[in-house]
Structures are given as C-alpha cells and as structure tokens.
Trainee: 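Take a look at this one; I'll ask things after.
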Amino acid sequence: MENIIVQKYGGSSVGSIDRIKNVAKQVVKAKYSNNKVVVVVSAMGNTTNELIEKAMNVNKNPSSREMDMLLSTGEQMSISLLAMAIQELNEEVVSLNGYQCKILTDDKHKKARIMDIDSTRIKKELEQGKIVIVAGFQGVSQSNDITTLGRGGSDTTAVALASVLNASKCEIYTDVDGVYTSDPRIIKGAKLLDRISYDEMLELASLGAKVLHPRCVELARKYRIPLVVKSSFNNKCKGTEIMEANNVEKVLIRGVSLDESIAKVSILEVPDEPGISYKLFNELSNNNIQVDMIIQNINRENINDISFTVKTEDLKDVQTISSELKNKINAKDLVIDKSVSKISIVGTGIAGNSNVASIFFKSLYELGVNIQMISTSEIKISCIIDNKKGREALQYVNQKFKLCGECYILEEKVV
Ligand code: ADP
Ligand code: ASP
Ligand code: MG
C-alpha cells in the first residue's frame, strides 16, 4: 500500500493565487512520488486577522461561538481554491472542512482541543486515488458547533491527521527555511537548525517561537510522528527535522525565544489559607487558560501576593475570573501589567550546567534589564522583563551564547 504523507501549508504559503497554484504543483509532485497525499491549509495570508478586525467593528465583545463560526471561513476559502488549482492540473481532489472530516473537539471555543478524528471519509477518498485537502485550525464539538484550535492551530490539525492516518511523515511548509535558533525575522544571523528534539521544540514553541503551534509538537512527541519544517518557497533547503533527543546532536543551548504577547497578573494581599491557589488555577484551567509562571510571596503574617503570567489573548477571561475570585476571597487588589515580555533560553544542556543560568542573568544585567520573574525546567530558563527591552535582550543573549554569527557552540566548548 502506498505511503500516506500529510503536508501543511501556512497562511503566507497560500497568500495569493499564484502561491496557491505553486502549492498545487508541489502537492501533485508529492503524489507522483508514490504517496497518498493529505494536505492541510491555513487561511490565505492575513485573512484570519482581517476577519477578527471585521468582528470587532461589529461587536467589541462577540461570543466565542460566533467568532469560531467566522474564523473557520478563512480556511474554507483556501481549501476550495487549492482544490480548484489541483483540478486545473487534471488531478482528482476533494476538499473537506473540519465538520466533514469529523475532527471532534471539546467545546472550548477559540482554543478547542482535538479529541478524536474519524478518518473513514479521508481514507475512502484516498483509496479512490484523490488528493485530500483538509481545512486546518477547525473542528466540531459534541454539540455540533464549529470550533477553532487557537491561533496557529493548523499545524495541530496536520499532526493529528498524520497520527490517525498512520502517515509516514508530516511536513509543515512555511515562510522561513525551518526552525532557527531565534526568530530569523528579528535576529540577524540566527542559525537554521538541521535537527531539534521534540522536547526542545515544545519549549521553544510554548515560549513564543510561533513557527509551530505548541499542541502540534506535543502530539508529534506523544505519537512519535516524524515532523519536518521547511520552506514552501525554497525547495533547495532540507528544513528542520523534529525528532527524539538521542538522534540530535547535543548542545548547551538550542535557541532563545521572546514572547511579547503575555501579561503579568497579580492578586495582592490574599489571605494565606489552604485552597486559594487551587480555586484560582482550577477555574483558569477549566476555561482552557494556560498559566505560565506562578510566584507566591509571603509578605507578612497570613497575607500573600500571587503573580502569574498568561497570554494576552486570554486576558479578558483571566480578568473576569481573577476579579471574581479577588472579591470572593477578600484580596486587596488585582493588578494587570501588559508591559512585560518573556525571554527564554532552551536546550537539553541546561540541566547539567549551572554556568548557563549565570551567563543568561549576567547578559540581562549588562543591559541594565531588571528580572521580574524567573522560572526554570530541566531544559529552559525564562525571565519576565520590561517589554521595551525585549528585542535588545534577545539579540544580546543570542550573541552571548553565540547562537548567531559564525560560531555555534557545542556542549564541550562553553562560552
Ligand atoms: P505559517 O503561516 O506558515 O504557519 P507562522 O507565521 O505561523 O507561519 O510561523 C512562521 C514564522 O515564525 C516565521 O515567519 C518567523 O518569523 C516566526 N518564528 C519565530 N521564531 C522562530 C524560530 N525559532 N524559527 C523559525 N521561525 C520562527
Ligand atoms: N488561520 C489561523 C491563524 O491565522 C490558523 C493557522 O494559520 O494555523 O491563526
Ligand atoms: Mg503558523
């Protein structure tokens, strides 16, 4: 039986009619390399942002259900256009939206998680020799409502399909040559990585490297899906493979990322008693709101401050939930600070080398950057800093760890 491969093309890769025609050729070529091809596409170019803007012009606070109904149309437009471009090349093709593919999700609109995919229809179409084009970023909840998977979620559709179809690989085509040590649009001379481990990629993606949706990396790691990120414009470049750590060359630091879309939330003067954190973070998690760093200070007897960071896109919900809790528990104040960014270094070498943290903190000190919060794991260190200093700090930390320019340092030759 022929190999199944899943390809995903992002917004800029299908950003114009010429680009769609180009993708059509690439897809047909993949089919003739003896593959059954399933293609996931995002909305064209800036379409999703434009749809959001339209919604805001109608209603500043639209329901999440209606937003999903609207946003899902972007991908529906691109799947049909790509299918037409493939028909023009005289190939059999069918486009399917999330509903038709039975991509079942939970009911958390705007950030739904895929629960299951019934692949019967896709398999049937593939058996008939068709190329199958699937709308990324969307699914359907148990109550039959259209849901979306969160910004950048088409990557996750692709990996989830690769998993249920037992595909031999999942190729993510984008507008850069692969995964770099830092965002190549911000850091001049950032290095293209040949390989990166699932764990490191998950950290980079979760910490702001939007080249892959974090959930897509999580799924790829869980189901061991061979994942490759490459350019849809430059077919000379092999791109970046994401794989098991033991197949990846060991380095101290794999990359540095900057997340500029976060906010710091502080609940001040909270009574110090059991259950307060549980109530707050349980409510946030029930709403699929991801909380990143959490700090609780004991300031004086029986009174704490709790601070945590969230994505700015979740801020409205976080504000409502935190404000209700603040009143319920008699805390003194709720402070939201949007003027922060998170800078993080990621690499499997971090765990065994205490020098790394000190180099990182020293770099920030040398720039006169104050660290407001720190969090660490085996393979990352993150700091919350003033967002005005974010990009300068990103460049400087890259230089300090020699992740841009000529030398890319291996574990033995630490800085
Ligand atoms: P697509 O529309 O193809 O899904 P995205 O805009 O979501 O593309 O992601 C690609 C972008 O991710 C790049 O244009 C780049 O600016 C950004 N990016 C951020 N960090 C990195 C990184 N470490 N490596 C590569 N790209 C990155
Ligand atoms: N179109 C959606 C977005 O812009 C999903 C995606 O591109 O992956 O976020
Ligand atoms: Mg994307």
Side-chain angles (χ1 to χ4, degrees), residues 7-15 19 23 40-53 67-68 70-79 97-98 110-112 134-139 147-160 171-194 196 200-217 228-234 237 239-240 242 253-261 311 313 342-347 390-391 394 397-398 403-404:
Q7 299 189 326
K8 178 254 167 179
Y9 292 88
S12 41
S13 306
V14 291
R19 286 184 178 179
V23 168
V40 174
V41 271
S42 295
M44 289 173 72
N46 211 21
T47 304
T48 308
N49 288 338
E50 286 161 11
L51 289 171
I52 293 173
E53 208 181 305
M67 277 310 280
D68 278 354
L70 177 68
L71 295 191
S72 63
T73 63
E75 271 67 14
Q76 195 155 328
M77 173 161 75
S78 48
I79 54 169
N97 65 20
K110 295 198 321 199
K111 53 174 66 160
V134 178
F137 173 59
Q138 57 180 260
T147 52
T148 64
L149 310 180
R151 297 304 305 269
S154 299
D155 301 331
T156 298
T157 308
V159 171
E171 299 175 330
I172 306 283
Y173 286 92
T174 186
D175 57 1
V176 286
D177 282 347
V179 179
Y180 285 75
T181 47
S182 262
D183 188 337
R185 297 192 191 284
I186 303 180
I187 299 300
K188 281 207 181 71
K191 303 264 180 187
L192 178 64
L193 302 167
D194 292 336
I196 182 170
E200 289 169 325
M201 190 63 238
L202 182 55
E203 289 289 6
L204 278 180
S206 310
L207 295 167
K210 71 170 185 156
V211 64
L212 286 177
H213 193 232
R215 179 79 181 133
C216 124
V217 189
V228 54
V229 178
K230 21 168 121 171
S231 164
S232 59
F233 309 122
N234 174 11
C237 186
T240 305
I242 294 122
I253 304 294
R254 187 77 60 193
V256 190
S257 67
L258 180 71
D259 193 343
E260 297 179 301
S261 312
K311 293 224 153 274
E313 67 192 38
K342 179 170 54 187
I343 181 163
S344 312
I345 53 172
V346 171
R391 292 193 176 208
L394 183 67
V397 172
N398 261 282
L403 293 171
C404 61

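Counting convention: from 1, in listed order, for ligands and their atoms alike.
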Trainee: When you measure from atom 11 (C) of ligand 1 to every protein heavy atom, which one gives the shortest distance, and what is it?
Mentor: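 In this structure, atom 11 (C) of ligand 1 has Asp175 OD1, 4.0 Å as its nearest protein heavy atom.
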Trainee: What atoms of ligand 1 come within less than 4.0 Å of a heavy atom belonging to Ala209?
Mentor: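 Answer, ordered by atom number: 19 (C), 20 (N).
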Trainee: Numbering the atoms of ligand 1 from 1, which are under 4.0 Å from a heavy atom of Pro184?
Mentor: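 Counting from 1, the qualifying ligand atoms are 24 (N), 25 (C), 26 (N), 27 (C).
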Trainee: Identify the protein heavy atom lying closest to atom 7 (O) of ligand 2, giving its residue, its atom name and the separation to 0.1 Å.
Mentor: Ser42 OG, 3.1 Å
Trainee: Tell me which one of His213, Lys8, Lys210 satisfies side chain to side chain donor-acceptor pair (under 3.5 Å) with Asp155.
Mentor: Lys8
Trainee: For ligand 1, which is the ligand I care about here, please tell me if Arg185 has any N or O atom under 3.5 Å from one of the ligand's N or O atoms.
Mentor: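 In this structure, Arg185 places an N or O atom under 3.5 Å from an N or O of ligand 1.
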Trainee: Would you please determine whether Gly178 falls within less than 4.0 Å of ligand 1 on a heavy-atom basis?
Mentor: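 Yes, that is the case, since the closest heavy atom of the residue is under 4.0 Å from the ligand.
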Trainee: Between Ile172, Thr174, Val176, which one has a non-hydrogen atom sitting closest to atom 3 (O) of ligand 1?
Mentor: Thr174
Trainee: Which atoms of ligand 2 have any heavy atom of Gly152 under 4.0 Å away?
Mentor: 3 (C), 5 (C), 6 (C), 8 (O), 9 (O)
Trainee: Which residues satisfy the side chain to side chain donor-acceptor pair (under 3.5 Å) test with Arg19, sequence neighbours excluded?
Mentor: none
Trainee: Test of understanding: given a 4.0 Å heavy-atom threshold, classify the contact between Glu75 and ligand 2 as side chain, backbone, both, or neither.
Mentor: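 Within the 4.0 Å criterion, Glu75 contacts ligand 2 through side-chain atoms alone.
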Trainee: Any idea which protein heavy atom is nearest atom 7 (O) of ligand 1, and the distance to it?
Mentor: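 Protein heavy atom at minimum distance: Lys210 O, 3.5 Å.
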Trainee: Of all the non-hydrogen atoms in the protein, which one sits nearest to atom 21 (C) of ligand 1, and at what distance?
Mentor: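 Answer for atom 21 (C) of ligand 1: Asp183 CA, 3.6 Å.
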Trainee: Quick one: does ligand 1 sit under 4.0 Å from the side chain of Lys8, the backbone, both or neither, non-hydrogen atoms only?
Mentor: side chain
Trainee: If the contact criterion is a heavy-atom separation under 4.0 Å, does Leu204 count as touching ligand 1?
Mentor: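 The answer is no, since Leu204 has no heavy atom less than 4.0 Å from ligand 1.
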Trainee: Charged N to carboxylate O under 4.0 angstrom, Asp183 versus Arg391?
Mentor: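 Looking at Arg391 together with Asp183, the answer is no, because their closest N to O distance does not fall below 4.0 Å.
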Trainee: Under a 3.5 Å threshold, yes or no: a donor from one side chain and an acceptor from the other, between Asp68 and Thr148?
Mentor: yes
Trainee: Against heavy atoms of Tyr180, which atoms of ligand 1 measure under 4.0 Å?
Mentor: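 Listed by number with element, the hits are 22 (C), 23 (N), 24 (N), 25 (C).
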Trainee: Return the residue, atom name and 0.1 Å-rounded distance of the protein heavy atom closest to atom 9 (O) of ligand 2.
Mentor: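 For atom 9 (O) of ligand 2, the nearest protein heavy atom is Arg151 NE, 2.7 Å.
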Trainee: Taking a cutoff of less than 4.0 Å between a non-hydrogen atom of the residue and any ligand atom, is Gly152 in contact with ligand 1?
Mentor: no
Trainee: Within the 4.0 Å heavy-atom shell around Gly153, which atoms of ligand 2 are there?
Mentor: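 Listed by number with element: 5 (C), 8 (O).
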Trainee: Quick one: CG on Leu149 to OG on Ser154, what's the gap to the nearest 0.5 Å?
Mentor: 7.5 Å
Trainee: Please list the nearest protein heavy atom to atom 2 (O) of ligand 1 with its residue and the distance rounded to 0.1 Å.
Mentor: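 Scanning the protein heavy atoms, the shortest distance from atom 2 (O) of ligand 1 goes to Gly11 N, 3.1 Å.
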Trainee: State which residues pass ring pair (Phe, Tyr, Trp, His ring centres under 6.0 Å) with Tyr173; sequence neighbours excluded, sorted by chain then number.
Mentor: Tyr9
